[in-house]
Number of protein chains: 2
Amino acid sequence: MTIQDERAESPGRPQRADARRNHDLLLQAARELFDEEGDTSMEAIAKRAGVGVGTLYRHFPKRIDVVEAVYRDDVDQVVAVAERDVATRTPWEAVDSFLHAFVAYAFGKRRFLTELREAFEKNPELKCDARERLEAAIRLVVERGQGAGVVRSDVTGDEVFGLLGPMCTSASFTREQCDRLVGMVLDGLRPPVAASR
Amino acid sequence: MTIQDERAESPGRPQRADARRNHDLLLQAARELFDEEGDTSMEAIAKRAGVGVGTLYRHFPKRIDVVEAVYRDDVDQVVAVAERDVATRTPWEAVDSFLHAFVAYAFGKRRFLTELREAFEKNPELKCDARERLEAAIRLVVERGQGAGVVRSDVTGDEVFGLLGPMCTSASFTREQCDRLVGMVLDGLRPPVAASR
DNA sequence: CTATTATACGGAGGGTCCCTCCACTTGATG
DNA sequence: CATCAAGTGGAGGGACCCTCCGTATAATAG
């Protein structure tokens, strides 16, 4: 989506050095501003990077492209946790561990992720690579649990993601509340027993 | 918050007839546009009502005031359902019935409610009366279940609301998915048994 | 019915966004 | 160097929320 992705493609001419440098400056500026302000404007990002808005738009044609570029790195961390949990834990422990880790992570970036989620809600067909990798990570963990019979089979990993993601970005929740609700969702994730009442 | 609320206060001079009429026209126009478009602009609302934007802002000083006014009526319906369920069903049946009804309702107004939720997230201290009544309705049902021992005690009604509300407005979910996830949350809401694994 | 006045109206325009466009500049290459 | 595609900067278009204030009018008093 961004120029960066196509950087290595057709080497008719390599990317110019200043373009490369500006790309990195812009990305760093965006990350800083999203962390500091929660949300920010394209003008502010360009200004902090010391370039004009035209340059920003050359590298990231739409606002969502900036957001996704920042998001991309974050997702790598979460995916790594999922893979580690699957490799080192029992099916249920992996689900429990990973969902808690996911919520802990998402909670820390709530303002930023709220912006991202809004972009997806306005534009559902826009499902960026990063998000798909994230959903794949949850699927990995959840489907392994389902295969082992410790997770109910009538729910998909994507649905769990859709339930927990918005919860984490809900401004009115504290970290403790998120943790408690994850616990509750985990209970709900277990295979249902015959109705106890 | 709106002029309407203060209509009956000090009758030094009654509200003018044209003002009253415009207030109703604006509210109707806003409701129609939110239903048809999902979201809309202040200019569009004023235009459909056949008045200038100045008049719109006289009646509803901020955009959120329009949204809340439309929201208010909707909440009345949901609250009525909660009260009926509490009056006519067993504690657990009331929880089950009401949460399903809540999700069905919220799903139908998802675009509109998304806008409302975003307003709350941007501005957490802005918890309008209507929302509080809605949370109170869920609390009513959930706390009755907790009192009867059929709902786990470490979760509040507000938290259930915060979990289900965002889920309903998540654009990527179908109605069926929402129903299935409610079922899962209901399972999670039952008092936990000793860990089965 | 007219005069008075608080109330209400309309819409121009300010400020903030996202984004486009294009004249100008600069780095890479022969 | 000379060339020129690649890159840059920022003015400005369009959409939006909201403010301001001159004008119009409904309610009241005489």
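Labels below follow one simple rule: chain letters A, B, ... track the order of the sequence lines, proteins then strands, and each chain is numbered from 1. Keep in mind that this is a model prediction, so the values were computed, not measured.
- Of the inter-residue distances, the one linking B:Leu181 atom CG with B:Glu176 atom CD reads 12.0 Å to the nearest 0.5 angstrom.
- The side chain of B:Tyr57 approaches D:dC17 more closely than any other nucleotide in the set D:dA26, D:dC17, C:dT20.
- In this structure, of D:dT28, D:dA26, D:dG9, it is D:dT28 that holds the atom nearest to the side chain of B:Pro14.
- With rounding to whole Å, A:Arg20 atom CZ is found 22 Å from C:dT26 atom P.
- Mapping B:Gly54 and A:Gly54 onto DNA chain D via the closest heavy atom, the residue that lands nearer the 5' end is A:Gly54.
- Whole-Å rounding puts the A:Met42 CE to C:dC17 C1' distance at 11 Å.
- Each of B:Asn22 and B:Glu43 has a nearest nucleotide on DNA chain C; the 5'-most of these lies closest to B:Asn22.
- Contact annotation: A:Thr55 side-chain N/O to D:dG9 OP1/OP2 distance is under 4.0 Å.
- When rounded to the nearest whole Å, the span between CG of B:Leu26 and P of D:dC18 equals 15 Å.
- In this entry the distance linking NZ of A:Lys47 with P of C:dC17 reads 11 Å, nearest Å.
- Distance, B:Ile45 CD1 to D:dC16 P: 11 Å, rounded to whole Å.
- Comparing D:dC18, C:dA8, C:dA28 by their nearest atom to the side chain of B:Ala19 picks out C:dA8.
- Annotation: A:Phe173 is not in aromatic contact with A:Phe107 [ring centroid separation under 6.0 Å not met].
- Distances shorter than 4.0 Å separate none of the side-chain N or O atoms of B:Lys62 from OP1 or OP2 on D:dC16.
- Between B:Thr169 and B:Arg110, the side chains place no donor N or O within less than 3.5 Å of an acceptor N or O (distance only, hydrogens not considered).
- The CZ-C1' distance, from A:Arg58 to C:dC22, rounds to 12 Å in whole Å.
- Per the geometry, CZ belonging to A:Phe60 stands 18 Å off C1' belonging to C:dT20, to the nearest Å.
- If B:Val53 and B:Ala17 are placed on DNA chain D by their nearest nucleotide, the residue sitting closer to the 5' end is B:Val53.
- Between the side chain of A:Arg16 and the base of D:dA6 there is at least one donor-acceptor pair of N/O atoms closer than 3.5 Å.
- Annotation: cation-pi pair B:Arg111/B:Phe34 absent, no NZ/CZ under 6.0 Å from the ring centroid and within 45° of its normal.
- For A:Glu36, the CD atom is densely surrounded, since the number of other residues' heavy atoms within 6.0 Å is greater than 12.
- Separating the CZ atom of B:Arg63 from the C1' atom of D:dC16 is a distance of 9 Å, rounded to the nearest angstrom.
- Residue contacts shown for A:Ser41 are limited to sugar-phosphate atoms, with no base heavy atom under 4.0 Å away.
- For B:His59 and C:dC9, the shortest distance from a side-chain N or O to OP1 or OP2 is below 4.0 Å.
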